[in-house]
Amino acid sequence: METAIKIESLGKIYRGVKGKRVEALKNLNLEILKGEVFGFLGPNGAGKSTTIRLLTGLISPSSGRFSIGGSNGSLMNCKKMVGYLPENPSFYDYLTGEEYLSFVGNTFDMKGESIISESERLLTLLDLHGARKRPIRSYSKGMVQRLGLAQCLIHDPEILILDEPMSGLDPLGRILVRDIILNLKARGKCVFMSTHILHDIEVICDRVGIIVRGELRHLESIQDIMTRGIKGYRIIFNSLSDRVVDRLRTVGERIGSEKGTLSYYVAKGNMQSLLAEASTDKVTVIQLIEPIRRGLDELFEEVTRGN
Amino acid sequence: MLRCRNLFPNQAFGIAKVTLTGGRRDKVFITLIFISVISFLAVIPAASSLSMRQVREVAVNLSLSTISFVSLVLTVFFGVHLIYRDMEQRFVHAVLPLPISRGSYLIGKFLGLSAILAIGLTILSLFSSIGILIASATYKSQIPMLWENYVAAVFFEYLELLILASFAVFFSSFSTTVFLPLFSTVSVYIIGNVTQSVAEYIASPYGQKLPRFSIYISKAVYYIFPNLTAFDLKAKAIYSLRMSFSDLSFIFLYAVLYILIILSASLLVFRRREIA
Ligand SMILES: Nc1ncnc2c1ncn2[C@@H]1O[C@H](COP(=O)(O)OP(=O)(O)OP(=O)(O)O)[C@@H](O)[C@H]1O
Ligand SMILES: [Mg+2]
């Protein structure tokens, strides 16, 4: 697959007042593919927004380089391919939502008619149609966030860079944004997003990177995390023979019983032998086997705490 | 307009348009213009008729002074907020990642401010003309009213303000506070208005007796800061004096050149500015 965003030993040192230096990003190497949704995770102040601000040209790197859309061209060429949503966005608040979208479409040299039709479509999709003629000053936090998504989608970019796209949204809004992102992925777009909501990452992303104090500590596909993360299984039995119960006493752990069923937890390593035992048995009936995973939250904690 | 479109990218015009819209909807702008219009229509004709004799001259003088003052306030107010507000309210975080170069942004901002001031000055001069006509009707003046002088006075006032606006942009291009651009821009206005008198004094026999050091300093100030006195055509408008076309052309070119230099300097600084 083609590379959408390529980051090579990118670093950023902020120079604050009195010459205080903050090394916000250290030697980041990352390659994100077309059609991939990449989740950027990390505790507060880890350097996520710094990375994103570097990619959008708001700040300039102290070291390293990056390219967007395979072009080693100018920053301007990169910017044309990207739809960007800043964290806690804020837009010219004396304009109406509709006026802002038309301003954005115009900077991408879009045609008048397509600006009108696209902004109409996005305003409806993001449930802002009723507010389109009101000044942005009167919008709620979540409405501004939705407008932020509309303004980064209006020119149908190949690459989306979203800094906490779900923040400030109500549950329905989140589902909507999740569906929008999944739709973008289905259309082969590349999405680079930072978030603090691990559940969203599990559902939306193909791959996660975890950054801690400016260093990329972990990089893995969600699928690998999910399969590697299986710790054991929950088994619900309709009926059990004494032989299997004995066996379960040593390899498993009883976790509950209800409506004539019994449930046990069995660690991953013991599963094979238990199933072999149970399959030769006529009395034992298994209703359900459910994998128990080490979730993303545990991985996050482990990586962040640094073992 | 067509030639301008080739000169500046579409993006600069987008920023200019947004800036102009912001200005038009600004309460300070609306209030100031409204109060001035009232004073042109009511206060100035009434006040100038008190002078009994030179009613029209006084009306022109009062009108031009009011225009100067109001437009100076507008320029300083909008000038220092032009970029500061975008930074402070973090509008730039959403705007600069769009395919807008730093140069287009800065030029667009300046063009937007120029348009706000042009609209303000047009409204002010239209209503002040009505005020002058009302005042002239009460007492016939011996000197004929030269409207082209009046228009020229307002236009050169505009050029002076654009120079000031370019300084406001320059100071905002690196400042993180609103105070530095505010005080610096006002200082440029004051220095720009006295620098010619100082230069004349130094050239006079009295001035030659000053210590060499202060002569050099004054000369440096004279060459670095804009000479804003040149843009004051009030006397010519009040007394309907003849104006030299070549002088005016020279002043016009001086303004354009000055603005270009200051904006280029602003761009050099703003290009490297970190927006975090
Ligand atoms: N303009 C700045 N000057 C100095 N230090 C800064 C500046 N901006 C950010 N930092 C520092 O850089 C580090 C990384 O900040 P960044 O905003 O990238 O974090 P983040 O991962 O986005 O955090 P969050 O989850 O809270 O959004 C922090 O320690 C922060 O204090
Ligand atoms: Mg952040």
Side-chain angles (χ1 to χ4, degrees), chain A residues 12-17 22 24 49-50 52-62 68 74-96 99-100 102-110 115 135-137 144 147-148 151-152 154-155 157 161 163, chain B residues 5-6 8-30 78 81-105 107-109 111-112 116 174-177 268-276:
Chain A
K12 179 68 191 173
I13 298 169
Y14 288 111
R15 267 167 244 282
V17 275
V22 180
S49 300
T50 298
I52 288 176
R53 283 199 285 265
L54 284 166
L55 293 179
T56 53
L58 285 171
I59 53 179
S60 48
S62 309
I68 290 179
S74 62
L75 181 66
M76 191 55 87
N77 286 337
C78 293
K79 293 207 270 187
K80 280 181 188 154
M81 275 178 274
V82 172
Y84 167 58
L85 173 68
E87 78 179 321
N88 307 318
S90 151
F91 306 111
Y92 286 125
D93 58 0
Y94 43 78
L95 297 181
T96 68
E99 284 170 341
Y100 195 81
S102 130
F103 158 69
V104 173
N106 190 43
T107 65
F108 283 101
D109 291 321
M110 285 171 71
I115 293 179
I136 299 172
R137 188 181 294 128
V144 174
L147 180 66
Q151 61 89 38
C152 67
I154 189 157
H155 61 294
I161 298 179
D163 203 346
Chain B
R5 278 214 176 270
N6 294 332
F8 301 118
N10 195 17
Q11 284 73 10
F13 273 97
I15 292 285
K17 203 175 138 196
V18 166
T19 308
L20 173 61
T21 309
R24 274 197 293 114
R25 292 179 186 169
D26 195 289
K27 286 203 187 70
V28 175
F29 181 76
I30 298 170
F78 282 109
H81 279 102
L82 197 63
I83 288 164
Y84 172 76
R85 208 164 146 224
D86 277 22
M87 296 279 178
E88 186 60 21
Q89 305 222 29
R90 306 191 317 114
F91 298 146
V92 280
H93 287 247
V95 168
L96 287 178
L98 298 172
I100 300 174
S101 67
R102 298 268 169 120
S104 293
Y105 172 79
I107 299 290
K109 277 278 161 191
L111 287 180
I116 295 171
F174 54 84
S175 167
T176 50
T177 68
L268 282 181
V269 179
F270 191 66
R271 262 219 184 109
R272 298 148 159 259
R273 180 146 178 186
E274 300 262 285
I275 295 162

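Just so it is clear: chains get the letters A, B, ... in the order the sequence lines come, proteins before strands, and each one is counted from 1. All values derive from a computational prediction rather than experimental measurement.
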Which atoms of B:Arg85 are under 4.5 Å from chain A, going by heavy atoms: the side chain, the backbone, both sets, or neither? side chain
Check whether B:Arg90 gets within reach of chain A through its side chain, its backbone, both or neither, counting any heavy atom under 4.5 Å. both
Engaged part of B:Asp26 at the chain A interface, taking heavy atoms whose separation is under 4.5 Å: neither
Hey, which of A:Ser102, A:Pro89, A:Ser60 has the most heavy atom pairs under 4.5 Å with chain B? A:Ser60
Does A:Thr50 form a side-chain hydrogen bond (donor to acceptor under 3.5 Å, both in side chains) with A:Tyr14? I'd like the steps, not just the answer. CA-CA 10 Å; A:Thr50 298; A:Tyr14 288 111; 3.0 Å; yes
Give, as side chain, backbone, both or neither, the part of A:Tyr84 having an atom under 4.5 angstrom from any heavy atom of chain B. side chain
For A:Phe91 versus B:Ala94, what's the shortest heavy-atom pair and its separation? CE2-CB, 3.4 Å
For chain B, the option from A:Val82, A:Val104, A:Leu58, A:Leu95 that forms the most heavy-atom pairs under 4.5 Å: A:Leu58
What class does the angle between the rings of B:Tyr105 and B:Phe270 fall in, given that below 30° is parallel, 30 to 60° is tilted and above 60° is perpendicular? parallel
Check whether more than 12 heavy atoms from other residues, nucleotides or ligands sit under 6.0 Å from atom CZ of B:Arg25, and answer yes or no. yes
Which region of A:Glu87, side chain (C-beta onward) or backbone (N, CA, C, O), has a non-hydrogen atom less than 4.5 Å from a non-hydrogen atom of chain B, or is it both or neither? backbone
Measure A:Phe103 against the heavy atoms of chain B and call it side chain, backbone, both or neither at under 4.5 Å. side chain
Give the minimum heavy-atom separation between B:Ala16 and B:Leu111, together with the two atoms involved. CB-CB, 3.9 Å
Taking every non-hydrogen atom, the tightest pair across A:Ile154 and A:Ile115: CD1-O, 4.3 Å
